[in-house]
S.K.: 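Next up is a structure, given as structure tokens.
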There are 2 protein chains.
Amino acid sequence: MSNSGDGLEQEPDDLPSARPRKRATGRATIADVARLAAVSPMTVSRTLKDPTLVTQELRDRVMAAVAELGYVPNLAAQTLASARSNIIGVIVPSISNSVFVETLAGIRDCVSVAGYQVIIGETLYSADQERQLLSTHLGRAIDGVLVTGIDLHKDVREGFARRNTPLVHMMDLSPDPDALSVGFSQFAAGEAVGRYIVERGYKRPALLAAQLDPRTMKRREGFQHALEEAGQSSFVEILTPNPSSVGLGGQLLSRLLGAHPDCDVVFCGNDDIALGALFECQRRGIPVPGKLAIMGFNDLPFAQYAVPSITSVTTPRYEIGFQAAHMLLRQIDGIAPERNCIDLGFHLTCRESA
Amino acid sequence: MSNSGDGLEQEPDDLPSARPRKRATGRATIADVARLAAVSPMTVSRTLKDPTLVTQELRDRVMAAVAELGYVPNLAAQTLASARSNIIGVIVPSISNSVFVETLAGIRDCVSVAGYQVIIGETLYSADQERQLLSTHLGRAIDGVLVTGIDLHKDVREGFARRNTPLVHMMDLSPDPDALSVGFSQFAAGEAVGRYIVERGYKRPALLAAQLDPRTMKRREGFQHALEEAGQSSFVEILTPNPSSVGLGGQLLSRLLGAHPDCDVVFCGNDDIALGALFECQRRGIPVPGKLAIMGFNDLPFAQYAVPSITSVTTPRYEIGFQAAHMLLRQIDGIAPERNCIDLGFHLTCRESA
DNA sequence: CCTCACGATGATAGCGCTATCATCGGTGGA
DNA sequence: TCCACCGATGATAGCGCTATCATCGTGAGG
């Protein structure tokens, strides 16, 4: 027979004319382990999944064989056979936005102990992109999804529901009682800033915001609402859909000062904008907060170290990621959550800049 | 014939007592599409993979059926059957380090057009973690890996080579002629900073560095080498393995000033440290660069906006990601690269702080 | 002693897809 | 006219794993 040496199998020495094994990857399979340990493949599978199902003796033999062969389970095969991928998808607007970094850390810390892997998808703040990502995720047969924000097209949500793929929203609280969400009220956070500004006696507030995602806009609404409630109905605002950055913060502040040089406080949509605004003030010699107060949002790590330190709204980003992931995993395991909506709150951290 | 109904090959609705179909996911499969389009599953597969293999007529029927059923291919099955996962793994020390954000963007932009997905693994600067991640990746049958840094245990590299899984190193240039790498010389970059300091006539330089990964240490060596070459053999350094951050930059600077208040320039291992150092100087009223000059590394977006703007080494992070991914994809397709090592260089961007 | 429940293990049959080869009408050169 | 040849399509057989059921002692209960 001409087909010798094709399958590189040394042990199985009977049947010299063994079938040619059409396609083999060359890596050790569960069958190889089983053969070496002289047990059935099922016993190997059980040993690896739940050792208590197997007697000590067989377990030891299997583990030895696994070690000897350097066996690594083929996850695609596991997924196909068990209809569980042990992958969860995470949709964030942008990983370059430091805000999500801690959320991702929380997610990772929660799911990694449970043996799950994470696939991150970036929407770059585009709803279309988000749609497409979620569709790809369905192809991967992921076990669940964490989505930033609560503004998901209803049909997409229903698509997941129909397929029984759990989905948890992060960062904001969903008004839909059926939706699972972990976060804090973006509206209330904006409101808190507005109230603070009123309390402190600032008279001519301004709002600078970039990357106008739904959460930013909700904070804006809350901000507006608080001012109106205090009878201070008007405020200046400069908005741009561009992605936020320190540089952009400087530009926005310049535009603001050009149009309204008499502002006495700016609420910046996030800390990057706030830092950029602060730098611009320094460059122009404008005293902060003496002449112009600055407030940020999220309380990124640098906010407390800036000079002056930046007053900002501290958000539980790590905790949101962790709890959302936790809720998702429980949902995957079919455990209903106690509450569908977990509010982790926020608090305004008062520092030197306002 | 007693064996009817074996392959469930009729309309799904007759035979109320159809066999129970042991485990079904409920989602449309390629067989469903084939049935609806009245073609064989293979034709569906071909239509989706390479439409030119199929006549216009069948193609249309298949596409119509796909649309009607909302068919989404099961990637686990594809992976298992074809031994190709269309996933590449990326190993970075930490996604919270903004340095890697742009590299990831470059990678994503390169691979997404080719239909690949990315799985990100974080080593958190631990070699053990890195090892384990790479092993998991093998389990996923990924098609290739991008690894940050060139300091990979030889046996891990060989493991990949044995399995024919391409691997490309990023951010530094490998001395090993067989290894593929895209980046710049970390040593040379450190050297450039050292030379600049000498040229500018600074006399008492210091080095502040955190998170002492191999690349940081190579920059340090280059820095040292440049100073020695200029006969200025000694410099003060404060090193810590802690993860770098703006806050840490301030702390390190405080420690430096406590021990060596007469330093005239600090080279910070990265821009976060530099920014923290700058803030600390502002807090203490130390003129920068008048009394103390500050240099950073990487030229993160904020560096040019700080006041004073921060002199830093600009590194082609996006381009490194893009090119490394490109090289990896070609390698996956079996195309040998022209050069195994691509040096994308760096340049020192001189600003106000030094 | 025999049944029966039960825990440990094995045998069997897919999961949904694609590699591979077989089949089947044309085509064109000998 | 015949046949090697080719392009389009289908049939078959896995990829490596696990769900499910069968089997086989074993010890409790009758």
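Just the heavy atoms: all of them, side chains too, but no hydrogens, waters or symmetry mates, feed the values below. Quick caveat, the model's predicted, so the values are computed rather than measured. Below, chains carry the letters A, B, ... as their sequence lines are ordered, and counting in each starts from 1.
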S.K.: So, OP1 or OP2 of C:dA8: does either fall under 4.0 Å of a side-chain N or O from A:T43?
M.R.: no
S.K.: Within this structure, what is the CZ-to-P distance between A:R35 and D:dG16, rounded to whole angstrom?
M.R.: 11 Å
S.K.: Indicate yes or no: at least one non-hydrogen side-chain atom of B:M327 is less than 4.5 angstrom from one of B:M170.
M.R.: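 Side chain of B:M327 against side chain of B:M170, heavy atoms only: no contact under 4.5 Å found.
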S.K.: For C:dT9, does either OP1 or OP2 sit under 4.0 Å from a side-chain N or O belonging to A:T55?
M.R.: yes
S.K.: Between B:P41 and B:A77, who's closer to the 5' end of DNA chain D by nearest nucleotide?
M.R.: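 Its nucleotide being nearer the 5' end, the pick is B:P41.
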S.K.: Given atom NZ of B:K49 and atom C1' of D:dA8, what is their separation to the nearest angstrom?
M.R.: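 Spelled out: NZ on B:K49 to C1' on D:dA8 is 19 Å.
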S.K.: So, does B:S40 get its side chain near the phosphate of D:dG10, meaning an N or O under 4.0 Å from OP1 or OP2?
M.R.: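 True: B:S40 side-chain N/O within range (under 4.0 Å) of D:dG10 OP1/OP2.
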S.K.: Is there a side-chain contact between A:S45 and the phosphate of D:dC17, meaning an N or O under 4.0 Å from OP1 or OP2?
M.R.: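 So the side-chain polar atoms of A:S45 never come under 4.0 Å of the phosphate oxygens OP1 or OP2 of D:dC17.
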S.K.: Give A:L58 one of three labels, base, sugar-phosphate or nothing, depending on what nucleic acid heavy atoms sit under 4.0 Å from its own.
M.R.: sugar-phosphate
S.K.: Take atom CG of B:L80 and atom P of D:dC17, then tell me their distance rounded to the nearest Å.
M.R.: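 Roughly 9 Å, once rounded to whole Å.
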S.K.: Does the side chain of B:T79 get closer than 4.0 angstrom to OP1 or OP2 of D:dC15 through an N or O atom?
M.R.: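 No, outside the criterion.
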S.K.: Can you check the B:L69 CG to C:dG16 P distance for me, whole Å?
M.R.: 14 Å
S.K.: Test for a donor-acceptor pair under 3.5 Å between the base of C:dG10 and the side chain of A:R46, counting only N and O atoms.
M.R.: yes
